[in-house]
There are 2 protein chains.
Amino acid sequence: MTDSVVLDPVDLEILRLLQNDARTTYRDLAAAVGVAPSTCLDRVTRLRRGGVILGHELRLDPAKLGRGLEALLLVQVRPHRRELITPFVERVRALPESRALFHLTGPDDYLVHVAVTGATDLQRLVIDEFTSRREVARVETRLIFQQWDCGPLLPPAA
Amino acid sequence: MTDSVVLDPVDLEILRLLQNDARTTYRDLAAAVGVAPSTCLDRVTRLRRGGVILGHELRLDPAKLGRGLEALLLVQVRPHRRELITPFVERVRALPESRALFHLTGPDDYLVHVAVTGATDLQRLVIDEFTSRREVARVETRLIFQQWDCGPLLPPAA
DNA sequence: AATGAAATGATTGGTTT
DNA sequence: AAACCAATCATTTCATT
């Protein structure tokens, strides 16, 4: 969890390249950063074990999979005690509509990013899975018009 | 953009498997779904061209890269006209601290997910890049205590 | 951290259904 | 048009230095 991993310039360069294309071969990585392919493999393995690299993820388009509407739900869970919020989190994570969940400071305790079929599906989700629960004090629904990815986490070289 | 891609059971099964591990080999995919490796390659290529698969992404831990504090900024951009919001979006996307950007319905026009070094960095970001801008009418900052990924976009088999 | 050999996987073209 | 097979080519991985 803590920042106990040391990253040298070679590690950073490898991460920068993989960030742009997670399927870059070790051979190409090696050529780009100036070490042997086997060394690249070593580095990446270490970065994975160290928790810097969390995983290789496939990004899918929800709209192409029949989930054309996305929304953010701002949820108040009251009383805000462990015995209520722990099961709440697990329930929300298990919903097939959920994409991401945040525990926040501020008036709303949680933000839930959901992808649904359409307005009807969203209405059902809000009512049946959120407002109908005793511990859910309030839900505010905000539709997502559009969303953008931003630049890479690692800036392009020092 | 539109949902013009037809997905048969083999496509769905391939997506389900790749969703769990984006580096599953074509050989393993083939064995799991019961077709030839070359067919798997064909399928995946088609899914990429069809826009169902948007890309292979490396997930990194911001905390391990010295960005231990994440926050969501709720931003009002007024007046909410194209000539103001288009450059706003591009400016926000270009900030090294930005991770994701959403255009929303509701009282706040945009939600910006940022990862910063710490509170001082966040303060600087909010003041220098947001509230100091004429078109930014309001910024509400919510810290992220914790965040979770949710289940796969594609449910585990029909 | 590099080397090079062995093992594994990706990809292509020709062929079949 | 889509799937398969088998051969080729590229990449990964590991033992060794």
Side-chain angles (χ1 to χ4, degrees), chain A residues 3-61 63-66 152-154 156-158, chain B residues 1-61 64-66 152-158:
Chain A
D3 189 351
S4 56
V5 185
V6 184
L7 299 170
D8 71 12
V10 172
D11 291 322
L12 289 173
E13 196 53 29
I14 288 173
L15 290 174
R16 265 189 267 272
L17 291 163
L18 283 177
Q19 206 171 211
N20 296 333
D21 179 2
R23 295 192 308 177
T24 309
T25 64
Y26 294 118
R27 187 181 142 279
D28 289 351
L29 277 181
V33 306
V35 298
S38 56
T39 306
C40 273
L41 175 63
D42 273 0
R43 296 296 190 119
V44 172
T45 305
R46 225 176 307 158
L47 290 167
R48 288 184 130 268
R49 275 206 304 261
V52 179
I53 295 174
L54 295 172
H56 289 71
E57 223 178 39
L58 196 70
R59 284 212 320 131
L60 299 175
D61 184 347
K64 301 273 180 176
L65 298 168
L153 199 55
L154 232 51
Chain B
M1 275 278 129
T2 36
D3 190 351
S4 55
V5 186
V6 184
L7 299 169
D8 70 12
V10 172
D11 292 322
L12 289 172
E13 197 52 29
I14 288 173
L15 290 174
R16 266 189 267 272
L17 291 162
L18 283 177
Q19 214 173 205
N20 295 333
D21 179 2
R23 294 193 308 177
T24 309
T25 64
Y26 293 116
R27 187 180 138 278
D28 289 351
L29 277 182
V33 307
V35 298
S38 55
T39 305
C40 273
L41 177 62
D42 270 2
R43 295 297 190 119
V44 172
T45 305
R46 229 176 303 160
L47 289 167
R48 289 184 129 267
R49 275 206 304 260
V52 179
I53 295 175
L54 295 172
H56 288 70
E57 222 178 40
L58 196 70
R59 283 213 320 131
L60 299 175
D61 183 348
K64 301 273 181 178
L65 298 168
L153 198 56
L154 233 51

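Side chains are part of it too, since the values below use all heavy atoms of this structure and drop only hydrogens, waters and symmetry mates. First the proteins, then the strands, lettered A, B, ... as listed; each starts at 1.
- The OH atom of A:Y26 sits 16 Å away from the P atom of C:dA2 (whole-angstrom rounding).
- Contact check for A:I53 versus B:L60: side-chain heavy atoms found under the 4.5 Å cut-off.
- Nearest approach of B:K64 to A:G51, heavy atoms of both residues: CG-O, 3.8 Å.
- Non-hydrogen atoms lying under 4.0 Å from DNA chain D are contributed by B:A36, B:S38, B:T39, B:R43, B:R46, all within residues 36-50 of chain B.
- Residues A:G55 and A:R48 approach most closely at CA-NH2, 4.0 Å, considering heavy atoms.
- Taking each heavy atom of A:A36 and A:A30 in turn, the nearest pair found is C-CB, 3.6 Å.
- In this structure, the helix from C:dA1-D:dT17 to C:dT17-D:dA1 shows an angle of 30° between the axis at its start and the axis at its end, each fitted on 5 base pairs and rounded to 10°.
- The nearest pair of heavy atoms linking A:R43 to A:V10 is NH1-CB, 3.7 Å.
- Closest approach to the A:R27 side chain among C:dA10, D:dT12, D:dC4 is made by D:dT12 (side chain taken as heavy atoms from C-beta onward).
- B:L29 places its CG atom 12 Å from the C1' atom of C:dG9, with the value rounded to the nearest Å.
- Interatomic distance, CZ of A:R16 versus CG of A:D11, reported as 10.5 Å (0.5 Å rounding).
- Between A:L65 and B:L7, some side-chain heavy-atom pair lies under the 4.5 Å cut-off.
- Residues B:L17 and B:T24 come closest through the heavy atom pair O-OG1, 4.0 Å.
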